[in-house]
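Down below is the structure, laid out as structure tokens.
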There are 2 protein chains.
Amino acid sequence: MKLSDRKKKILQLVIDDYISTAQPVSSKSITEKYMNDISSATVRSELAGLEELGFLIQPHTSSGRIPSVEAYKLYVNELMERGKLTGKEIGAIKNAFKERTENLEEVVSFAVKVISDLTDYTSLGFAAHSGKEKIVKIDIFRYRKNVALLLIVTENTLIKDKYIDIPNEMTDDQIKEASNLLSDLFVGKNFSEILTIGEKALEEFKNYREIFEGVMDAIEDYIDNKNNDIIMEGENKILHHPEYSDAEKVKNFLSVVTSKDRLIDLLSEDNDNIEVSIKIGGDEGEEGLSDCSLVTATYTASGVNIGTYGVIGPRRMDYQKVVSVLEGVGRILEDLLDNK
Amino acid sequence: MKLSDRKKKILQLVIDDYISTAQPVSSKSITEKYMNDISSATVRSELAGLEELGFLIQPHTSSGRIPSVEAYKLYVNELMERGKLTGKEIGAIKNAFKERTENLEEVVSFAVKVISDLTDYTSLGFAAHSGKEKIVKIDIFRYRKNVALLLIVTENTLIKDKYIDIPNEMTDDQIKEASNLLSDLFVGKNFSEILTIGEKALEEFKNYREIFEGVMDAIEDYIDNKNNDIIMEGENKILHHPEYSDAEKVKNFLSVVTSKDRLIDLLSEDNDNIEVSIKIGGDEGEEGLSDCSLVTATYTASGVNIGTYGVIGPRRMDYQKVVSVLEGVGRILEDLLDNK
DNA sequence: AGTTAGCAATCGAGCAAAAAGAGTGCTAAC
DNA sequence: GTTAGCACTCTTTTTGCTCGATTGCTAACT
């Protein structure tokens with residue numbers, strides 16, 4: 001299936017036009033707006049060809065054409081022109097990160113916010129849990145009679161807290177000793193390391209088994225439990241787009257967006273490549289993404305994964321803009337953090 | 001304006017019916033469904049009377065009637081029958097709090113979740129910031145070269161963290177000393193106390209001014225900044241209700257729900273009384289609540305305010321159910337926490 | 001062989017008129 | 001005070017019609 005240059009050009013025009021107007025595109029509008037050199041009849045026969053190839057769909061005989069899922073895929077891979085951010089947009093991004101943001105949670109939330117603002121779509125992101133984060137501080141102290149509180153602070157200023165039941169007979173001094181032991185053993189190590197040295201540590205901790213298990217639980221919990229860290233912004237921006245003028249569709253979209261498990265899966269896929277990945281939900285395609293598209297990017301700074309970010313919206317999404325924004329935010333963010 | 005018993009009865013029936021069907025209620029449906037002993041003509045004249053009194057509205061001549069804002073107010077105050085939770089519902093609530101939930105944030109989020117699940121409306125809640133929470137632990141340690149991290153843990157397991165710039169020449173021992181000083185001075189005190197003893201403390205802290213100011217900032221920030229702690233669940237449950245079948249209305253509702261500032265104000269009003277408070281948004285009434293109703297309750301356990309919770313939804317809300325759920329959750333929650 | 005103009009055919013959008021249905025208010029009788 | 005009956009009002013649904021947009025096809029043109 002080889003497309004002539006002119007077919008490609010026309011397909012691109014159709015998609016661009018459809019993305020900006022949300023209306024089926026007619027042969028006439030193409031010649032008038034973009035291609036004064038050929039007649040609409042010619043365009044018509046090209047359109048018919050593109051339809052035959054499965055790139056265009058005609059909602060009904062007397063209407064223009066809209067792009068198929070295939071067409072979008074081709075578009076994002078080959079046809080789409082890469083956009084550049086305006087100075088204003090770059091300013092907005094930089095501004096969003098002006099405040100101190102060493103805390104990873106905050107970085108994520110600022111990034112998600114600015115992405116949503118600039119693209120006018122629902123955006124989401126979550127901090128990757130690499131298990132490679134080093135522990136900076138670990139502390140245990142009595143909180144109630146039989147309950148101690150465990151605090152773990154990491155490089156990224158994730159602070160994890162957890163209650164641990166302690167036996168009646170345990171004295172404050174013993175708790176203190178356990179706490180010191182923990183610091184000696186674990187500070188400077190990352191989560192994965194700790195899990196692997198578990199056996200050996202258990203030996204040293206035999207007097208403080210409850211506490212040791214509590215710590216291990218907290219760490220496992222952290223690595224498994226991605227759920228709490230997904231952040232979303234502009235859920236209702238979807239209402240700004242005309243294809244969602246019907247409440248039934250909004251419902252559908254929101255149900256996609258609300259099932260965080262599914263989203264986390266989607267965001268987690270191929271999060272190795274820094275490049276922008278685009279998933280287009282067909283009628284069948286990516287399950288759980290019915291009629292939606294998801295554009296994601298994973299950022300790293302100084303070799304550390306600083307989260308996966310994405311935009312979710314109608315299939316008729318302004319990919320060009322979304323991609324530029326994601327790339328722009330990534331670039332600025334990475335610069336910013338590297339120069340720290 | 002005195003209503004006869006029969007008028008009251010009929011008004012109640014109209015509201016009940018309208019709440020469950022979302023359709024204007026006709027005289028005929030009243031006699032058929034609820035009052036077989038009198039004829040529809042009689043009901044009609046009563047309805048006409050209630051309309052004259054401002055309790056009912058006729059969208060157009062040939063339709064049934066719907067309740068006015070006044071009617072809802074009367075309904076929630078006098079007419080509505082108080083519901084009881086079913087065993088199943090009570091089970092669901094207890095189940096939601098089965099896990100350990102001494103952490104206030106968690107209590108709030110579980111409560112909000114269960115309220116939304118049981119009522120099928122958007123629910124929200126936030127932990128009150130009383131300033132009366134005692135500090136359990138306060139700690140400072142070096143985090144980067146010129147940055148220390150301040151951790152404050154309170155009774156309610158609120159953990160507050162904040163970066164503090166520290167001068168180059170400061171040694172780890174000095175940081176340690178400052179940290180100890182802080183513990184001695186502040187542990188066991190509540191936030192308000194600390195703010196009032198500020199002057200005196202400043203004296204003792206003259207060598208660690210940056211740190212002292214950082215602590216004070218963190219505390220002030222905590223007391224002022226309620227924003228971050230509002231939790232919402234089921235924003236899109238609104239779509240389950242037929243009056244929001246139009247995207248424009250959904251947009252409107254979501255914009256109400258998204259302006260957290262306004263919501264915090266609403267939730268904060270009269271949060272002294274434990275009773276359930278119902279605000280019905282008229283066309284003019286409670287600003288920011290256009291066409292919505294908000295039912296809120298504030299819970300306390302052992303005399304400590306444990307948060308304000310609410311349900312926001314269409315004016316045609318199932319007040320009976322919402323009130324029972326809010327009361328039920330409150331009762332169970334208070335029991336649970338008192339018996340700890 | 002590719003391009004174009006011309007034209008009939010198709011189908012949705014929009015509109016008005018007609019029909020159907022729901023509910024009321026009023027009147028007169030009970 | 002209550003009720004049956006009925007004319008009246010207004011919405012909703014249906015129907016039919018026109019208009020306009022757009023296409024696909026054919027025949028002519030370059």
Side-chain angles (χ1 to χ4, degrees), chain A residues 2-11 13-18 20-68 71 242-243 245-246, chain B residues 2-11 13-18 20-68 71 242-243 245-246:
Chain A
K2 229 177 58 197
L3 291 181
S4 71
D5 282 354
R6 193 171 68 182
K7 276 209 175 53
K8 281 188 187 169
K9 176 73 184 162
I10 289 178
L11 183 55
L13 289 172
V14 170
I15 300 176
D16 280 337
D17 197 81
Y18 184 67
S20 68
T21 65
Q23 293 296 323
V25 184
S26 73
S27 57
K28 193 160 142 246
S29 71
I30 296 230
T31 53
E32 280 177 0
K33 286 196 213 167
Y34 315 104
M35 303 186 95
N36 288 309
D37 49 335
I38 57 175
S39 85
S40 66
T42 312
V43 174
R44 262 202 298 287
S45 69
E46 293 286 55
L47 291 177
L50 285 165
E51 184 171 357
E52 188 124 350
L53 292 168
F55 291 113
L56 292 178
I57 294 164
Q58 217 175 355
H60 51 85
T61 359
S62 70
S63 81
R65 278 149 169 119
I66 62 174
S68 70
E243 50 265 72
S245 59
D246 166 15
Chain B
K2 231 176 56 196
L3 291 180
S4 72
D5 281 354
R6 193 170 68 182
K7 276 208 174 56
K8 280 189 187 170
K9 176 73 182 161
I10 290 177
L11 183 55
L13 290 172
V14 170
I15 300 176
D16 281 336
D17 197 80
Y18 184 67
S20 67
T21 65
Q23 294 296 324
V25 183
S26 73
S27 56
K28 193 160 141 247
S29 71
I30 296 232
T31 53
E32 281 176 1
K33 287 196 215 165
Y34 315 103
M35 303 186 94
N36 288 309
D37 50 335
I38 56 176
S39 84
S40 67
T42 311
V43 173
R44 264 202 297 286
S45 70
E46 293 286 53
L47 291 177
L50 285 164
E51 184 171 359
E52 187 123 351
L53 292 168
F55 290 113
L56 292 177
I57 294 165
Q58 218 175 355
H60 51 84
T61 3
S62 69
S63 81
R65 273 137 171 133
I66 62 174
S68 69
E243 49 266 69
S245 60
D246 166 14

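The chains referred to below are lettered A, B, ... by the order of the sequence lines, with proteins before strands, and numbering in each begins at 1.
- One interatomic measurement links the two molecules: CD1 of B:Ile66 to C1' of C:dT24, which rounds to 16 Å at whole-angstrom precision.
- Ranking D:dT22, C:dT24, D:dA4 by closeness to the B:Gln58 side chain, first place goes to C:dT24.
- In the set D:dT22, C:dC11, D:dA4, the nucleotide with an atom closest to the side chain of A:Ser26 is D:dT22.
- Rounded to whole Å, the distance from NZ on A:Lys7 to C1' on C:dT3 is 14 Å.
- No side-chain donor-acceptor contact under 3.5 Å links B:Asp16 and B:Tyr34.
- Sequence order on DNA chain D of the closest nucleotides to B:Pro59 and B:Val43 puts B:Val43 first from the 5' end.
- We find that CD of B:Glu46 is positioned 15 Å from C1' of C:dG25, with the value rounded to whole Å.
- In this structure, A:Glu51 places its CD atom 15 Å from P of D:dT22, rounding to the nearest Å.
- Taking atom CG on B:Asp17 and atom P on C:dG23, their separation rounds to 11 Å, with Å as the unit.
- At most 12 non-hydrogen atoms from other residues, nucleotides or ligands lie less than 6.0 angstrom from CG of A:Asp5.
- Annotation: A:Lys7, atom NZ; neighbour count of heavy atoms from other residues, nucleotides and ligands within 6.0 Å is above 12.
- One can place CZ of B:Arg65 at 13 Å from C1' of C:dA22, the figure rounded to the nearest angstrom.
- The backbone N or O of B:Thr31 sits nowhere less than 3.5 Å from a side-chain atom of B:Ser40 that would complete a donor-acceptor pair.
- With rounding to whole Å, A:Gln23 atom CD is found 12 Å from D:dA21 atom C1'.
- The side chain of A:Thr61 has C:dT10 as its nearest neighbour among C:dT10, C:dG12, C:dG25.
- Out of D:dT3, C:dT4, C:dT24, the shortest distance to the side chain of B:Thr42 is found at D:dT3.
- Rounded to an integer number of Å, the gap from A:Glu52 CD to D:dG24 C1' is 13 Å.
- In this structure, the nucleotide among C:dG6, C:dC11, D:dG5 sitting nearest to the side chain of A:Arg44 is C:dG6.
- A:Ser27 comes within 4.0 angstrom of the backbone, heavy atoms only, and of no base.
- Residue B:Arg6 places its side chain closer to D:dT2 than to any other of D:dT2, D:dT11, C:dA5.
- Relative to the side chain of B:Ser62, the nucleotides D:dG24, C:dT24, D:dC10 differ in distance, and D:dC10 lies closest.
- Between B:Leu56 atom CG and B:Ile15 atom CD1 the span is 7.5 Å, to the nearest 0.5 Å.
- Base pairing of D:dC25: its partner is C:dG6, meeting the Watson-Crick or G-U wobble criterion (both donor-acceptor distances under 3.5 Å).
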